[in-house]
Structure formats: C-alpha cells, structure tokens
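In what follows, chains carry the letters A, B, and so on, assigned in the order in which the sequence lines appear, proteins first and then strands, with residues in each chain numbered from 1.
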Amino acid sequence: MNGNTELKIFNTLTRRLEPFIPIEPGKVGIYLCGPTVYKPSHVGHMVGPVIFDSIKRYLKYLGFQVTFIVNITDIDDKLIKEAPLQNLTVASLAEKITQDYWENLKKLQVTQIDQFPKATHHIQQIIEMIQGLIDRGYAYPMNGDVYFDISKDSDYGKLCNRDPEQLEAGARIEVNAKKKNPGDFALWKSAKPGEPSWTSPWGEGRPGWHIECSAMSRTLLGDTIDIHGGGLDLQFPHHENELAQSESFTQKPFARYWMHNGLMKTGNKKMSKSEGNEIVVTELLKRHHPETLRFLLLNTHYRSPIEYSEDRLRELRRALDSYYRFFDRYQRICKESFYHLEGSQTKQDSIIQSSKNSLNRTLEKGTEKIDPTNPVESFLQEIQLCYQQFTACLNEDFNTGGAIGILFDLSSILNRFADQQGLETHPDKIEKPVMEAFKQGTLLFRELSQILGLFIEPVSSANTENTTLLDGLIQLALDLRQEARKNKNFAQADQIRKRLTELGVVLEDRAGGTDWRIN
RNA sequence: GGCCGCGUCGCCAAGUGGUAAGGCCACGGUUUGCAAAACCGUUAUUCCCCGGUUCGAAUCCGGGCGCGGCCUCCA
C-alpha cells in the first residue's frame, strides 16, 4: 500500500505539515481524549469523535489497519461533586453519562471506535506507572498525594511551547503547599472520607487527571502511539502533562503526531460548560437530524473553530436535501436504492481502479485519446477528476470541507448527465453504456461519501414517518388535482397545490406521476 | 503579561507562492400548462490595512488594526 505516502498531517508538536509515516508499516494506533462523564454531552464533545471517525475511515480506505481508542474518564473531582446533587453514586452517574455519550455517537454514525477504556478499570496500570515515575525520580509522594515534578523533566512544555519558569511566575492558581513547584501536578490524590477510593502504596486515593490517559494508551496501544488527538483546549495542561509522564516513564516518544481540533463556538464565544452556552446533543437532535450535525462538523476544517447556530444547521439541511433528492432520483432511474449500493471500501478496490468496467476502460485510454464530443467519455473523465480532487483534499491534513465541496460537484455532474441523457424523460431510449456510466458515477459517489461517514443510512423522511391516513389524504388531494389537470382546469389544480404548499407539502410533477414531500 | 491561532462575496467556507472551490441566499435563463426539482449563467480584478521579498502573494517577511483560544476545569 503506497497511497499512504501522500498523506500529510499537521503536527502540533512541530507546528508543521508532515508526511504521515506510522511506526509500524501498515498499522496505525490512534488515541483520542474522550469525556469526563459527569454531564450530558454537548455539541463540542462530538467534534473529535466525528472527525476522527472520518479520519479512521480514510486511513482504512488507504489500506491501513487502524486501532482507534477513546477513553472514558469516570473518576474525577467533578464526578464526586456532581453525583450527590443527582442522588447518584459516582459509578452510576458515570454509567448514565457514558450511555448518553454512546447513544449520541451512534446517532452521528460514529462507528469506528474500537474501544472505550475506562479509568476505573485501569487503576492497577495507573499505580504501576506512578510507582515507576517515583522510582525514576520524576515524582514524589507527599502526605498521601503523589505529584509529578516538572523540574525533573528537561523538556517539559515542549508541546505547548511553554516555559516552566513562566508558568510559575504567572501562576494564578492558589499554590498548593504540598507541591514543590507550582507547576507540579497530581498523579494520585488521597481520598477524603466517603469518596470513592482505591488502595495504593500511598494510601487510599484516586488517580489525578492526566495519568489515566498515559496508562490506558500505553496498555492498549504501546509506548509510542501514532496519532494522539483531542480538543485544542486540552493542549495545556492535559496533553502537556500526559506527554511528560509518559515519556519520563518509558523514555520513548509518546506520540508521533499530535492533532488538535478547533473548538465549537457560537457568535464570538467558544462553547463550553464553563461558559454555560453549551448545546446539549440530545436537545439539538430533537430539532435537527443527526446527519445535519455530522455534516456541520465535517464542513469546516478540523483545526478551525466551528461556527454553530440554528440558522447554520437549517442552511446545511437545505444543502443536504439536494443530495437526498439525487438519491431519490437515482432510485427512480435505476430502480434500486442508493443506500443499497456497495461502494468500494478501499482505494485498491475503487471503482476508479477496477479494470472490469467501462469507466476504467475509457480512462485507460489516457486523457488525449478521450473523445470530448462523446458525452459518456467526457462524463467519465469528469468523474475521475472528482476522485482525484477528493483524495487530494483528504491527503492534505484531512481537508473534509474541501472534500465535501467535491461531493457537491460530483452530484451536479451526475444530475447534469441524467438531464442531458434524458434518463428520466425517455428511459426507453437509453443505451446501455450511458446507463452503466451513470451507475458507476453514482457508485463512486457512494464510495467517497462513505469515507466521510455520510449518507450511510436513509434519512427517515416525514413521508415514511407519517400514518397511512396522512398518506391517503394527500393521495386523495393529488388524485383530485390530477383529474383537474387532465381537464385542463389549471386554476383548480393550482389551488389544490397552493393549499398543500401552505401546509408544507411540496409537489413535484414528473413523467411518472406526482411526488410529494413535507418541507 | 507569556504562548497559540484567526481575519477570503450578504452569511458560511476551501484554498497557504502561479493568478479566487463549494454551500446558503439573491437575480436572470433552460425545462414545466404554471410550479417544484434539476441544469446553465450572473454575483470578491480581489482575499483587514500599510510596507517588503519575488518574474509572480490571499498565500512568505515586517509593522499596524480587529477578533478568539490557552496560561484555572473544559472536547
């Protein structure tokens, strides 16, 4: 698999675009920081999972074998504080919020995560790591707590370009008397009475924030992971500290590529629990289809802030509708569902590469020999160009926004071809190569959209959700209108359509009859 | 104060050295009995401002203005 050599990733560590080369050829380990499960997910929590879900889909497409881990931090001060407010134990609060998180991911078609390790299931590994850090002189116990000593880590601050001296100078945090340096951070925290705790060499207690990620990533992905991801807000202190612990412990590089996604914002403010302006995912999904949210998250490049607004979602839904209408059209023309098409799962098997179809036979002729006056040949050539542009976008630091732009181009090309060839207006006169080309173009659309995790399942339209009574009533109105049209009583026909439009029922007349949909 | 990033059409948004993708909105046209949908076309000689480098810059460098993030919990 050589396709991978073209892939470039922006690495936070070096602040540069770098060619992607995994440690072990053909294999990729990804660790993405997941949520602390104390409050229901807000939209921002979905950004990383959706983006990395698409990233994994693309890496698989390129032929990599990918392991993708997202942790669940289920023990933390915030849980301890929140649980009693809800009359729950820490464990049951964690369970409840984790379920909420998982349900949301599922709705957003985030299906590529292999494991969700939980901090409380890795206490042993955490303790071992802390002990190792103490043994090596990087950490010190203090009255039941254990702290990481940043002064012992010569390159502390390298991820975020921070100077430990200045961290001290500018520390606004109240100085914890137990720490040697203000920048030191807790690896282990002693338990107060009544708090959940585990037995350790330093007494009853719980892991500090950061160490769970170091321990779990090492357990599941080894000392060095290929890609470590997370939100921009985790860069410091979370990732800086993770990196410091892990490298001090293993004496090996912790992650080859650090990828940080931009934060969700509304207006000019970032969205977060502390700002109090977060949109809870389950609430949002009552108003919008999950695919619209996924589409929103992929439309902006992952490193940029994502503009969130209700208007924006409605706007994007209108854009998605044009795709959905194309899928309906495909069904009318080819008598099969777009959603049943099996797009190639890897670049190797791509419809573009396969030698068993007319598309490829045409493309093999080479650009010069393609007859521009032959509509099928020029159509196939346009399709191929889309393919090249699409992969070029994703190769350039996973430019999903650019890739979606190409998907729009592709659907225009397909619609235009269907128009020009009269695929719907005179289906009897269509020659086989024309139909075959149309199908292959659509199959390519399927192949590419699957990489983004888009259009995996049909969007349940209002039509199918409604009762047979509603269907019947609308059909009745349509029959009456058809009758009027037949009699050239257009005034009455238009009156019926107008009344339906006012009710939100949009009609589309075509050769085979009248379709309707609810707006 | 330190570190990081951003400023591209009315709105959203790609592009980051070779002469401005795409979406939404708007306006024309083809099609339609009329619509809807689809398609075609129009809409930034110009990318916050000022300098510089270059044959050539939205893209690189310097300065300015504006906005945001991190430095404390945060995806």
Judged by modelled atom types alone, do A:R206 and A:S190 share a side-chain donor-acceptor pair under 3.5 Å? no
Counting only heavy atoms and a strict 4.0 angstrom limit, can you tell me which residues of residues 505-515 of chain A come near RNA chain B? A:V506, A:L507, A:E508, A:D509
Could you tell me how the ring of A:H210 sits relative to the ring of A:H238: parallel (under 30°), tilted (30 to 60°) or perpendicular (over 60°)? tilted
Mind telling me whether A:F338 and A:F445 have parallel, tilted or perpendicular rings, with 30° and 60° as the class edges? perpendicular
Mapping A:N399 and A:A491 to their closest nucleotides on RNA chain B, which lands nearer the 5' end? A:N399
Looking only at atom types and distance, does a side-chain atom of A:H239 sit under 3.5 Å from a main-chain N or O of A:F236, one as donor and one as acceptor? no
Tell me whether A:K189 is salt-bridged to A:D77, with the criterion being a basic N under 4.0 Å from an acidic carboxylate O. yes
Between A:F327 and A:Y323, how do the two ring planes meet: parallel, tilted or perpendicular, split at 30° and 60°? parallel
Looking at A:R287 and A:E310, is any side-chain nitrogen of the basic one under 4.0 Å from a carboxylate oxygen of the acidic one? yes
Fit a plane to each ring of A:F408 and A:F295, take the angle between them on a 0 to 90° scale, and name the class: parallel (under 30°), tilted (30 to 60°) or perpendicular (over 60°). perpendicular
Assign a letter to each nucleotide of nucleotides 16-27 of chain B from its 5' end: B, base within under 4.0 Å of a protein heavy atom; S, sugar-phosphate only; -, no contact. -----BSBSS--
Ion pair A:R57/A:D53, N-O distance below 4.0 Å: yes
Value in whole Å for how far the P atom of B:A35 lies from CD1 of A:I496: 18 Å
Without decimals, in angstroms, what is the distance between A:N415 CG and B:U31 P? 18 Å
Nearest-angstrom distance from the residue atom CG of A:D494 to C1' of B:A36: 12 Å
Return the orientation label for the A:H228 and A:Y31 ring planes: parallel under 30°, perpendicular over 60°, tilted otherwise. tilted
Measure all distances between protein nitrogen or oxygen atoms and nitrogen or oxygen atoms of nucleotides 4-7 of chain B, and list the pairs falling under 3.5 Å.
unit_1 : atom_1 : unit_2 : atom_2 : d
B:C4   : OP1    : A:N161 : ND2    : 3.1

With both distances under 3.5 angstrom, what nucleotide forms a Watson-Crick or G-U wobble pair with B:C6? B:G66
Applying the Watson-Crick and G-U wobble criteria at under 3.5 Å, what pairs with B:U42? Answer none if nothing qualifies. B:A26
Interatomic distance, A:M46 CE vs B:A75 P [rounded to whole Å]: 10 Å
Is a donor-acceptor pair below 3.5 Å formed from side chain A:R325 to base B:A37, judging by atom type as modelled? no
Look at A:R416 and B:C40 and indicate whether a side-chain polar atom (N or O) is within less than 4.0 Å of OP1 or OP2. yes
Side-chain N or O of A:K265 less than 4.0 angstrom from OP1 or OP2 on B:C67? no
Any-strand Watson-Crick or G-U partner of B:U53, both distances under 3.5 Å: none
Can you find a heavy atom in the side chain of A:E508 that is under 4.5 Å from one in the side chain of A:R325? yes
